[in-house]
Amino acid sequence: METWKMFLATIFLAASFDFIRAQRIVCRKASVGDVVFLVDASNNPQHARSVRNFLNILVNSFNVSRETIRMGLAQYSDAPHSEFLLSTYHCKVDVLRHIQRLQFKSGGNKLGLALQFILDHHFQEGAGSRASQGVPQVAVVVSSGQAEDHIREPAEAFKKAGILLYAVGIGNAARAELREIASSPKEKFTSFVPRVSGLVSLAQKLQPELCDTLAKAAQLVDPVSPACREVALADIVFLVDSSTSIGPQNFQKVKNFLYSIVLGLDISSDRVQVALAQYNDNIYPAFQLNQYPLKSVVLEHILNLPYRTGGTNTGSALEFIRTNYLTESGGSRAKDRVPQIVILVTDGESNDEVQDAADQLKEDGVIVYVVGVNVQDVQELKKIASEPYEKFLFNTENFNILQEFSGSLLQTLCSAVEGKIKEYTKAYADVVFLVDTSQETSRASFQWMWNFIARTVSMLEVGRDKYQIGLAQYGDQGHTEFLFNTYKTQNEMMSHIRERFVLRGGSRRTGKALWYLHQTFLQEAAGSRILQGIPQFAVVITSGKSEDEAWDTAQTLREKGVKVVSVGVQQADRGELEGIGSPALVYDVQGEDGIRQISQDVSMVIQGTGEPEFRTQATEEAIVACPTAIPADLVFLIEEFSRARQSNFQQVVSFLKTTVNSLSIHPDALRIALVFYSEEPRLEFSLDTFQSSAKILEHLDKLTYQGRRGRTKTGAALDFLRNEVFIQEKGGRSHQGVRQIAVVITEGFSQDNVSRPASHLRRAGVTIYAVGTQHASDSKDLEKMATYPPWKHAIPLESFLQLFVVGSKLKNQLCPEIVGKKAFFPGMGYALQEGCVNIEKADIYFLMDGSGSISPEDFLEMKVFMNEVIKMFQIGPDRVRFGVIQYSDKMKSKFILSQYTNVAELKAAIDDIQQGGGGTATGEALSNMTRVFADTARINVAQYLIVITDGKSSDPVAEAAERLRVDGVVIYAIGVRDADVTELQEIAKDKVFFVYEFDSLKAIQQEVVQDICSSETCKNRKADIIFLIDGSESISPKDFEKMKEFMERMVNQSNISADEIQIGLLQFSSTPQEEFRLNQYSSKVDILRAILAVQQMNDGTRTGKALNFTLPFFDSSRGGRPNILQYLIVITDGVSQDNVAIPAKALRDRNIIIFAIGVGEAKSSQLFEITNDRDNIYYEEKFESLQNLEKKILYKVCNPQGCSMDLSVGIDISTPAKQVQQKLQELLPELMQRLALLSNLSCGTPGQINPRFRYLLPGSNGQLIFDSGFEKYSDETIQKFLAHQVEKNSYMDVDFLQSLGDNAINLSSAKVKVLLVFTDGLDDDLERLKIASELLRSRGKGRSCPPLPGLLPPGTEALQLSRGCVSPSRWSSVPRS
């Protein structure tokens, strides 16, 4: 039988080959190429044969082998599947045999996912792709339906990768989608057949087109000239004379010449860029610098360049190139210090003037080559060409020998570029001198200042791309003498200083002058190169103490990355100089000899040769600041910078050294690894390579710049970290529970997807900090990579001069600061750990997106999120109820509110939910929820809807969401990945959360629950809240606005009225001032208007003075209500210049609760002096991180911890008896009533504690049979509890005690937690019970608990819990009768 089957199969295969042979047209033109077919598997199985024949026809027409044409194949439906890679088969017969066996896996149509898949798995060097060798890359995609996911991003990735894509549509395929993914011209690369039977004829049509495409692409790829292999960067514009005098035949020779030049260059978007324009009487732009990053495309355009006729206007053509081509919009990278080159090819004299246009180009730093053909007036060519002429001017006798010049021109060209790059990459700086010329500056002191500036500048190599110098003076106002870009030579500067630099007088306001310098000089328009990472120096020369505060503004400059040098003459104040200058950059001038020495010292500092001995000093600081870092595996992933950004590499190395110095490296504590990447990642050293800081620093000292190789692929580098770096074999310790941290530093956007690889890395337990400048920030790559919340973990920088911000953040995370005799980690704010205990009743639905764009792994993350949320509430039929509705293009599955009444049942039901698949019709789902709430929710019970979706809805959502809000439903919208934020806001207004990947859902779970809790617990809450905000100069206007936005959000979430929450506002700087009092406004609108009108004071930081000023504002005479809880919220960004402890204690002694929010340079030790409570300190690195902090603080305001007590009650009756039952019915209500009236035992303030009661009855399996939930005293609840108790025997053993103890802690947020256990005798060993009690106590981390003396009758066992600690109040027993 088997023999018979084999015979039939052979016959069938042979017949198929005969069919193909009959149709075959062998492509002999295409000698090399990599072709990958991607086939839609959702086709009807009956159509499979037509698809196989289509593939057979195309494959059979090529010469398939390892050296020539390689073939790959993948299919897709819901998920992509690789059939064979480019490297799998090297013989056509093997490829055809595989195609004939091809079986399709039916399902959905995830085209976007499939495109990304073949890009990541087929078009890779490891899979057989030869793209790096210049081999043409082609994809042929066959689709039979509309895509169910997003295709734009992967389609763009194909274009960026230079892969040519043919899109073939069948039947229901969306033509618009085919055009979107296809290469250009769209008409050539897009095909469509209405029926699958048409594929065979289409294949015959595509054969010659595909052959021709591969042949042309292969011809256009040639190796880079050896002379130009080291040329990393250049922008080259060819300007070609196309006048009548040239003639068509000679013009072809010009094109051949251009072709030869371009052929020898390494062209790509991050290396050499080329542009081309023709001219005669007019200008004919061909393409600009940023238009074609592929050499093959550039060469093709040169070959197709048409010949034109006309005159010769070279002057206007040169000016056109300067103003239209060598611009940022035209693709010029001049601002990134990339060499700018113009190559002019002409055969005659110009009809217009060339001198001015040529001079302007050269003045802009452009290198101009001139290639003249039989030009008689060489003088005109000399006017245009750069010097020396022997390098930049070529004049040939005729067009026939033009080609011979291409080799020598190419060599000269690449040599000039290399020289220019070396000139650019030498370390230079921008230096601005700020000179005190106030009325108190004497003539002699001014002369000293003059001499100091002249001597210092004379030691620097001044020029446009070298040291740039600026000069300003000040008294009571700042005044610019000249900007960085005003003068190009020392002579020009010195001439200005001699002739125009004079004393101007006025009072001395150094702080104001520093702010003027910040606003005027540190701008691109002023010539500053701060965004390029070029070091910035401000040399401040002053003759006396300032009338205003200077420290804050100097600190602002330092935060921007500016090194501030302070030089004092005359009566300069040493303390002020130290406040202005960066550490070790403070100088006092003593006489003429002092000027000479200090000039030399400062010039050496500026040139980087006179830095103070950095390592010793930094190490000493580190010993004080961080003697022991917490255990962590810290990996730096750093992009290899382009040559134009080589200065950034030096900044990164310096940052790494500083970071290593500030931390304690030890194999048992902190380990560090370093990876560089561009197209491929490169492990510099692993986590287990070095055992000490000294060894790492020694290695960093040897690091040399290596430059970018190929395209930037951050996603691949993130995968490398997960698979090759954070592993046990390379020193990773995740298996030991050690913190895993990755710091990604990038200057641009990635050419591959970063979101998924980052998600996988985060899922592996790695916290990701993403650091980048403007380009990376604009692309959203930082937010996609960073751990949630992005405002804490995504760090956008203006320039790499600010990398110290990252170091500060790492130090804050890894080095505990000793505050109040305890280790304190800044930024570790309040977390809602005990659950949402204050909501007694609520009906909450999840509306979860189950569409096909969500992977099974991501769908599981949604279910985990929901399970975590429900655990935070008191679940029960009369308490909080949950339901879940799944939707896609229609309702898929659901369970309603009343269906499951405890956490275990809910969890099981959520775990059983199966993904439905389909589209995303959120609007229809919201409309359906109106009926669901009406049918299942309770009247007069708070109703919530939590929507989770990963994409934009196919229908409108606003109207349906508004109907739900009108019905009283509070909506939360959680968007993931491709969700539209504007649409989310239409659904949920301001209750919107967005994350880039599903793994981040767990990070927002606390925020969502806390927001729901706050909305309920703040109802009818009374409180006086005063904001005391820092308005000092060190806070930028933008950050001051963020502070105001924080207050506005808190006002919006509070119930404002004269009988509920009152808000007041005070601002401070060097002096405090009142903005508005507590009772001044009683509506949100008025308060928000008043906050909006607040103007920043802009002076020093005197927090102690402000605290003292604040105290009377809580009095009744100024609107305060001393008989209710009063709060002060202090926000500051720096260290106070006066004492804060005494005035803060005076406030606390008045029972005013203080929250302290520190940002940036604020010190946690000083914040602790203000609050005297570590739980009330919040530290953030930047003002963006204030986002959502208002919810945490408001929750604490609405849930005061000072005077709360939760009492949990359990009863053990092993043998129920009527007498015991009667005794309990008498005893328990009486005892609970006494406790309800109990005076405060644990708070500093007198009064009632208003305890809440909870009655628990554990079953034999530890699950609760009865749980009343926390509530105020209720006789009815006690009787229900006792009724259940009668029906159940229990035993006073360890399991019983453990179950009661766990539940007493769970869902309680009270400061004092008490567990009362009534027993008729012990059913376990007394020592074992004591050990169980000790274990419960240990969960409170050793906190002491106040006893309840004389409270309980004999025979009662009482265990009291205070913040999770357990102690026996009375441990006695009654023997069993």
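The structure presented is a predicted model; accordingly, all values stated were derived computationally and were not measured.
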**Study point:** Test salt bridge (Lys or Arg N to Asp or Glu O under 4.0 Å) applied to R722 - qualifying residues, sequence neighbours left out
**Key:** D719
**Study point:** All salt bridge (Lys or Arg N to Asp or Glu O under 4.0 Å) counterparts of K730, not counting sequence neighbours
**Key:**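 In terms of salt bridge (Lys or Arg N to Asp or Glu O under 4.0 Å), with neighbours along the sequence ignored, K730 is linked to no residue.
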Note, [X] side chain near [Y] side chain (heavy atom, < 4.5 Å):
X	Y	result
Q468	V462	no
F537	I469	no
I638	V675	no
F452	V602	yes
L670	L814	yes
L803	I745	yes
I741	V766	no
V562	R558	no

Review point. What is the ring orientation for Y769 with H793, classed by angle as parallel under 30°, tilted 30 to 60°, or perpendicular over 60°?
Key: tilted
Review point. What is the ring orientation for F649 with F676, classed by angle as parallel under 30°, tilted 30 to 60°, or perpendicular over 60°?
Key: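 Correct class here is tilted.
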Main-chain N/O of [Y] paired to [X] side chain as donor or acceptor, under 3.5 Å:
X	Y	answer
T787	I768	yes
Q490	V457	yes
R671	P667	yes
D430	F484	no
Q802	E798	yes
S654	Q650	no
Q340	V338	yes
T480	F482	no
S582	V564	yes
S458	R455	yes

Exercise for review: Could you point out which residue of V435, I453, I595, I541 forms a side-chain contact (heavy atoms from CB on, under 4.5 Å) with V567?
Suggested key: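 Between V567 and the candidates, side-chain contact (heavy atoms from CB on, under 4.5 Å) is satisfied uniquely by I541.
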Check your understanding: Name the one of L656, T659, L674, I665 that satisfies side-chain contact (heavy atoms from CB on, under 4.5 Å) with I696?
Key ->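 Going through L656, T659, L674, I665 one by one, the side-chain contact (heavy atoms from CB on, under 4.5 Å) with I696 is satisfied by I665 alone.
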Check your understanding: Under the side-chain hydrogen bond (donor to acceptor under 3.5 Å, both in side chains) test, which residues partner E328, sequence neighbours left out?
Key -> K335
Identify the two heavy atoms, one from [X] and one from [Y], that lie closest to each other, and give their separation to 0.1 Å.
X	Y	result
Q536	L522	OE1-CD2, 3.7 Å
F433	T456	CZ-CG2, 4.0 Å
S799	I530	CB-O, 2.8 Å

Exercise for review: Would you confirm whether the ring centroid of Y677 sits within less than 6.0 angstrom of the ring centroid of F720?
Suggested key: no
Point to revise | Electrostatic pair D235-R333, nearest N-O below 4.0 angstrom | key: yes
Review point. So, E680 and R682, do they make that salt bridge, N to O below 4.0 Å?
Key: no
**Study point:** V635/L721 under side-chain contact (heavy atoms from CB on, under 4.5 Å): CA gap, chis, key distance, verdict
**Key:** CA-CA 8 Å; V635 178; L721 292 194; 3.8 Å; yes
Partners passing side-chain contact (heavy atoms from CB on, under 4.5 Å) against [X] (at least two apart in sequence or in another chain):
X	result
T689	F685, S686
D588	R574, L577, Q590
T556	W515, H518, S1034

